[in-house]
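A short worksheet on the structure shown next.
This one's a predicted model, so the numbers in the text were calculated from it and none came from an experiment.
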Amino acid sequence: MKHITPKEAHAFLQTHPNALLIDVRSEIEYLFVGHPVGAIHVSWNDGPDWEINPHFVGEVRKLAGNGGERPVVLICRSGNRSEAAGAALESAGFSEVYNVTHGFEGELDEQHHRNSVSGWRFDGLPWQQC
């Protein structure tokens, strides 16, 4: 798995139009916090029990066309869930997996707020909110 910054991820997606951008956060985060423009939502884990989605790999495989060769860029809030999801994809045979470090909202600042130190939104990259 390759670890890339949000800006690197955005540039990669611009030059690799066949790549999938998968947002692995919960449905509530995806809808109400916002998400990168073009991101497809496939939860790695979600409420109410926050268990790992047993269909995650299958859902991504379906989006990728079953081959596992299509580049998959994963993003979550801060880069932790997407890293775990990426490891699952690699174990299932995906050959080109990217984890967006710092994720959508970035690291916590001294006041325990996100979006003020790093992340997709902090970097001013295109995003939307449903």
Side-chain angles (χ1 to χ4, degrees):
M1 179 181 340
K2 296 178 181 105
H3 299 277
I4 57 178
T5 67
K7 287 181 181 179
E8 290 169 334
H10 184 260
F12 179 84
L13 292 164
Q14 300 306 302
T15 59
H16 296 81
N18 67 325
L20 286 172
L21 174 58
I22 306 288
D23 190 321
V24 305
R25 295 174 300 156
S26 70
E27 183 177 21
I28 297 298
E29 288 172 293
Y30 179 84
L31 294 174
F32 296 112
V33 176
H35 54 272
V37 170
I40 300 167
H41 179 248
V42 180
S43 291
W44 171 244
N45 60 353
D46 210 335
D49 299 324
W50 297 101
E51 294 181 8
I52 302 297
N53 174 2
H55 307 290
F56 178 80
V57 170
E59 291 177 39
V60 174
R61 188 177 307 282
K62 190 179 207 181
L63 291 166
N66 262 347
E69 294 86 25
R70 188 172 179 187
V72 179
V73 179
L74 301 170
I75 191 167
C76 66
R77 180 182 64 193
S78 62
N80 295 325
R81 284 176 280 179
S82 52
E83 184 174 8
L89 291 178
E90 285 186 322
S91 292
F94 282 78
S95 59
E96 199 170 350
V97 179
Y98 299 83
N99 175 48
V100 180
T101 59
H102 311 297
F104 185 69
E105 296 180 67
E107 307 303 321
L108 293 169
D109 66 14
E110 292 177 3
Q111 291 76 38
H112 299 283
H113 298 139
R114 295 194 186 272
N115 302 305
S116 62
V117 176
S118 59
W120 189 277
R121 286 193 339 187
F122 176 80
D123 286 343
L125 300 170
W127 66 282
Q128 62 190 34
Q129 193 170 20
C130 298

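Applying the salt bridge (charged side-chain N to carboxylate O under 4.0 Å, His left out) criterion to E96, with sequence neighbours excluded, gives no partner residue. Checked against salt bridge (charged side-chain N to carboxylate O under 4.0 Å, His left out), R81 has the following partners two or more places apart in sequence or in another chain: E29. The side chain to side chain donor-acceptor pair (under 3.5 Å) check on H41 picks up S43, with sequence neighbours excluded. The side-chain contact (heavy atoms from CB on, under 4.5 Å) search around A11 returns none, not counting sequence neighbours. For D23, the side chain to side chain donor-acceptor pair (under 3.5 Å) partners are R25, not counting sequence neighbours. Shown here are the side chain to side chain donor-acceptor pair (under 3.5 Å) partners of N45, two or more places apart in sequence or in another chain: there are none. Taking E8 as the reference, T5 meet the side chain to side chain donor-acceptor pair (under 3.5 Å) condition, with sequence neighbours excluded. Remark: H3 engages M1, E83, N99, T101 in a side-chain contact (heavy atoms from CB on, under 4.5 Å) (not counting sequence neighbours).
Legend: salt bridge (Lys or Arg N to Asp or Glu O under 4.0 Å) pairs involving residues 110-130, not counting sequence neighbours: none detected.
The structure places CD of E105 at 8.5 Å from OG of S78, a figure rounded to the nearest 0.5 Å. Atoms CG and CH2, from N53 and W44 in turn, are 8.5 Å apart once rounded to the nearest 0.5 Å.
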Problem set entry | Residues L89, L74; criterion side-chain contact (heavy atoms from CB on, under 4.5 Å); working and verdict | CA-CA 10 Å; L89 291 178; L74 301 170; 3.9 Å; yes
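A85 and V24 get closest at one heavy-atom pair: CB-CG1, 4.1 Å. Nearest heavy atom pair, residue V57 against residue A92, reads CG1-CB, 3.5 Å.
Connectivity analysis of hydrophobic side chains (ILVMFWY, heavy atoms under 4.5 Å, direct or indirect) links L31 to I28, Y30, F32. Members clustered with F104: I4, F12, L13, L21, V33, V73, I75, Y98, V100, W120, L125, W127, by chain and number, using a 4.5 Å side-chain heavy-atom cutoff among hydrophobic residues.
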